[in-house]
Visitor: 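Sharing a structure, written as structure tokens. Questions coming.
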Amino acid sequence: PDGSVVATSQKVFRVFDGSELANFEPFMSANGVALGPLAFTADGKYLARIAFSGPSVLVDTQTWQIVSKYSLPIGELTRVAFSPDGRQLVTGDATGVLRLWTTDPFQPIAVLGKHKMAVQAVAFSPDGTVLASGGAERLVRMWDIETGRLLRSLRGHTHDIRAIVYTPDGQTLATASEDRTIRLWNGKTGEPVKLLFTRYDHSVCSLSLSPDGLMLARGSHNKDIKIW
């Protein structure tokens with residue numbers, strides 16, 4: 001989160017000189033684990049490396065040692081996001097299931113909700129009370145973290161949803177899709193706010209907000225980045 005480290009599913013690097021801090025490849029290869037998504041806690045103390053199959057791991061970023069691991073018996077995990085306080089995380093899988101995990105101990109504790117198709121994006125609200133999720137179903141769903149209740153479903157995208165981010169104040173939710181659009185929604189009510197669309201854009205595959213929430217960057221399959 002402080003911009004000093006970049007992590008991939010296989011390795012972790014220091015940004016300023018490119019030196020390697022950790023290498024997960026021997027562990028993954030030895031256990032036959034397919035590589036999957038990852039996420040840092042907000043304070044940067046832990047990194048979760050979620051496996052498509054086999055054990056998912058929690059890594060201490062001070063020592064870069066695996067401190068805990070857990071294997072789900074079924075379900076290809078496709079997305080992961082930590083809660084703002086780092087005490088919980090949510091995973092989405094290829095069958096549409098959203099699971100709520102604790103980090104201590106590192107294990108799933110409940111099924112939060114379910115989409116009809118694969119989950120491809122998840123994001124916690126800044127206050128940690130709501131989860132927004134989307135994917136092949138083409139709907140953005142908002143869930144109450146405490147109860148698992150579906151709060152609302154947001155319709156508008158016409159293809160798979162690939163990325164979801166909240167602004168730091170929680171007032172706006174941005175979603176990106178393979179339909180070549182980015183949609184902005186009211187983060188509290190789910191009402192549509194704005195449509196960002198470029199005629200010659202390719203499918204949008206990633207989103208990132210500046211720390212102050214004033215700039216939004218998107219990556220697409222045509223290998224360029226645009227900033228609003």
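Predicted, not measured: the structure shown is a model, and the values here were computed from it. Residues: numbered from 1 along the sequence shown.
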Visitor: Taking V119 as the starting point, is it possible to reach V90 by hopping between hydrophobic residues whose side chains are less than 4.5 Å apart?
Guide: yes

Visitor: Salt bridge or not between R99 and D93? Use side-chain N to carboxylate O under 4.0 Å.
Guide: yes

Visitor: What verdict does the side-chain contact (heavy atoms from CB on, under 4.5 Å) test give for V59 and W64, after you've listed the backbone C-alpha separation in whole Å, the side-chain angles of each residue and the deciding distance to 0.1 Å?
Guide: CA-CA 6 Å; V59 178; W64 296 108; 3.9 Å; yes

Visitor: Could you go through T167 and L209, starting from their C-alpha distance and side-chain angles, then the distance that decides it, and tell me whether this counts as side-chain contact (heavy atoms from CB on, under 4.5 Å)?
Guide: CA-CA 7 Å; T167 54; L209 275 163; 3.9 Å; yes

Visitor: Does the side chain of M142 come within less than 4.5 Å of L131's, by heavy atoms?
Guide: no

Visitor: Test T63 against every option in T61, I66, D60 by the side chain to side chain contact (heavy atoms under 4.5 Å, CB included) rule and name the one that passes.
Guide: D60

Visitor: Could you state whether L150 and V130 fall into the same hydrophobic cluster, counting links through intermediate Ile, Leu, Val, Met, Phe, Trp or Tyr residues with side-chain heavy atoms under 4.5 angstrom apart?
Guide: no

Visitor: What about F82 and V67, same hydrophobic cluster or not, with Ile/Leu/Val/Met/Phe/Trp/Tyr joined at side-chain heavy-atom distances under 4.5 Å?
Guide: yes

Visitor: Out of curiosity, does L173 fall in the hydrophobic cluster containing L207 (side-chain heavy atoms, cut-off under 4.5 Å, transitive links)?
Guide: no

Visitor: Count the heavy atoms belonging to other residues, nucleotides or ligands that lie under 6.0 Å from CG of D104, then report whether that count exceeds 12.
Guide: no

Visitor: Please tell me if the side chains of T175 and W185 come closer than 4.5 Å, counting only heavy atoms from C-beta onward.
Guide: yes

Visitor: Restricting to non-hydrogen atoms, name the atom on G213 and the atom on P168 that form the minimum distance, rounded to 0.1 Å.
Guide: CA-CD, 3.6 Å

Visitor: On a heavy-atom basis, which atom in A121 and which in I164 lie closest, and how many Å separate them?
Guide: CB-CG1, 3.7 Å

Visitor: Side-chain contact test, heavy atoms from C-beta onward, threshold under 4.5 Å: evaluate it for V97 versus V111 and give yes or no.
Guide: yes

Visitor: Among the clusters formed by ILVMFWY side chains lying less than 4.5 Å apart, do I161 and L196 turn up in the same one?
Guide: no

Visitor: Could you check if a side-chain atom of V140 sits within less than 4.5 angstrom of a side-chain atom of R152, using non-hydrogen atoms only?
Guide: no

Visitor: Hey, what's the ring geometry for F106 with W101, parallel, tilted or perpendicular (30° and 60° as the breaks)?
Guide: tilted

Visitor: Start with the C-alpha distance between S133 and W143, add both sets of side-chain angles, then the distance that settles side chain to side chain donor-acceptor pair (under 3.5 Å), and finish with yes or no.
Guide: CA-CA 8 Å; S133 60; W143 312 84; 2.9 Å; yes

Visitor: Check the side chains of S153 and R141 for a donor-acceptor pair under 3.5 angstrom, ignoring hydrogens and angles.
Guide: yes

